[in-house]
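In what follows, a single structure is set out as structure tokens and then discussed.
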Amino acid sequence: MKKKCLALALAACMAASMTACGGSKAPETTAAATSAATEKAAEETTTEAEGASEADTTEAAAAAEITTVTEGKLTVATSPDFAPYEFYAIGEDGTPALAGFDMALAQYIADYLGLELEVVTVDFDGVLSELQTKSVDLGMAGLSPDPKREGIMDFSDLYYMGGQSLVTVKANADTYNTFEAINKPEVSVGAQIGSIQMDLATTNSPDADIVALPKVTDIISELLAGKMDAAYIETDVAKSYQKNYPDLEIVMEVPYEMEGSAIGVCKGNEALLAGVNEAIAKALEDGTMEQFIAEANELASGEKYEGLLDDAGNAQSN
Ligand code: ARG
């Protein structure tokens, strides 16, 4: 099904002109942007409209030069299996709404650039291919600025520092707690397809039975069902899953050189990259990012869904 979507998207890309082509999936609008952010954006818009300061004029000029895949819109691909970065928060009426600090930052950047935000949800490897085919403007999915990806995207400045962990279940915590212990053909070790965690698996446990799955959610299910022994997962994400599934145990931190998250920017879009970096700098400087992180963590500890919605927009049972 996913393959088919992608194939269709690729065909659409080829049919369309070089620059203009939409995402492979109907875009979603984040309902989770904080009211504070919205208010702030409104304030900024007013200031900009009044042409108050030199800095504002520069921003406006930069935004005017920016071209995006769909005019007037900022199309962002994400993979919502990754709380507190991106996930669905279940509202009081049971409706899932995209949430997480990546999504709040996406809204902030769109507001900063004067663009309307559209979010395309795909599995993580889909985020990479959407960027590669230039079907979206940005990929925001807790992306590590892996130099191997530089051929298919540009990276923004870092906006968050995370870490990597080896995860198992409580009953196995004393067994699978070193690289040596998991580096055996009879030990199954999971990682998400296309992620740097796959590299961590092949580097640190090359002899293990490495199992690549499309969603972090799938990895968690396999661990809990006893079908997988251990997995490489981003630390904050593992901690967040742990809140729902206390049987999970983080057994050790895993060293990784390119630590931190950056935004994947459609390759060669210099003006957009500059605008994104300006927005990130501002959000980091004025405490907005900190606030987004706090809000995301709070929302993530409530009822949430991690994965893709079905065609009717409902959470699927995993
Ligand atoms: N940081 C890792 C990478 O860039 C994993 C990101 C996975 N993101 C997600 N939303 N599932 O490869």
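Heavy-atom basis, side chains included; hydrogens, waters and symmetry copies ignored. Read the numbers this way: they start at 1 and go in the same order the structure lists the ligands and their atoms.
- The shortest N/O to N/O separation between Ser79 and ligand 1 falls below 3.5 Å.
- Between Lys282 and Thr288, every side-chain heavy-atom pair lies at or beyond the 4.5 Å cut-off.
- Close approach of ligand 1 to Leu143 is summarised as follows: ligand atoms under 4.0 Å from at least one heavy atom of the residue are 4 (O).
- At least one side-chain heavy atom of Ile250 sits less than 4.5 Å from a side-chain heavy atom of Lys239.
- Aromatic rings from Phe101 and Tyr85 are positioned such that their centres are separated by under 6.0 Å.
- In terms of heavy atoms, Asn183 sits closest to Ala208 at OD1-N, 3.5 Å.
- Closest heavy-atom approach to atom 12 (O) of ligand 1 among the candidates Arg149, Glu259, Glu306: Arg149.
- Each of the atoms 10 (N) of ligand 1 lies under 4.0 Å from some heavy atom of Glu86.
- Residues passing the side-chain hydrogen bond (donor to acceptor under 3.5 Å, both in side chains) test with Asp236 are Tyr160, sequence neighbours excluded.
- If you number the atoms of ligand 1 from 1 as listed, the ones under 4.0 Å from a heavy atom of Asp81 come out as 9 (C), 10 (N), 11 (N).
- In the displayed structure, Glu186 atom CD is contacted under 6.0 Å by more than 12 heavy atoms of other residues, nucleotides or ligands.
- To the nearest 0.5 Å, atoms CD1 (Ile280) and OG (Ser156) are separated by 3.5 Å.
- Counting only heavy atoms from C-beta outward, the side chains of Tyr232 and Ser165 never approach each other to under 4.5 Å.
- In this structure, Phe124 counts as a contact residue of ligand 1, since one of its heavy atoms falls inside 4.0 Å of the ligand.
- Interface of Glu234 with ligand 1, defined as ligand atoms under 4.0 Å from a residue heavy atom, comprises 1 (N), 2 (C), 5 (C).
- Note: no N/O pair closer than 3.5 Å links Val216 and ligand 1 by distance alone.
- Residue contacts with ligand 1 for Gln197 involve side-chain atoms from C-beta outward but no N, CA, C or O (heavy atoms, distance under 4.0 Å).
- Ala141 O, 3.4 Å is the protein heavy atom nearest to atom 6 (C) of ligand 1.
- Residue Ile196 places at least one N or O, backbone or side chain, under 3.5 Å from an N or O of ligand 1.
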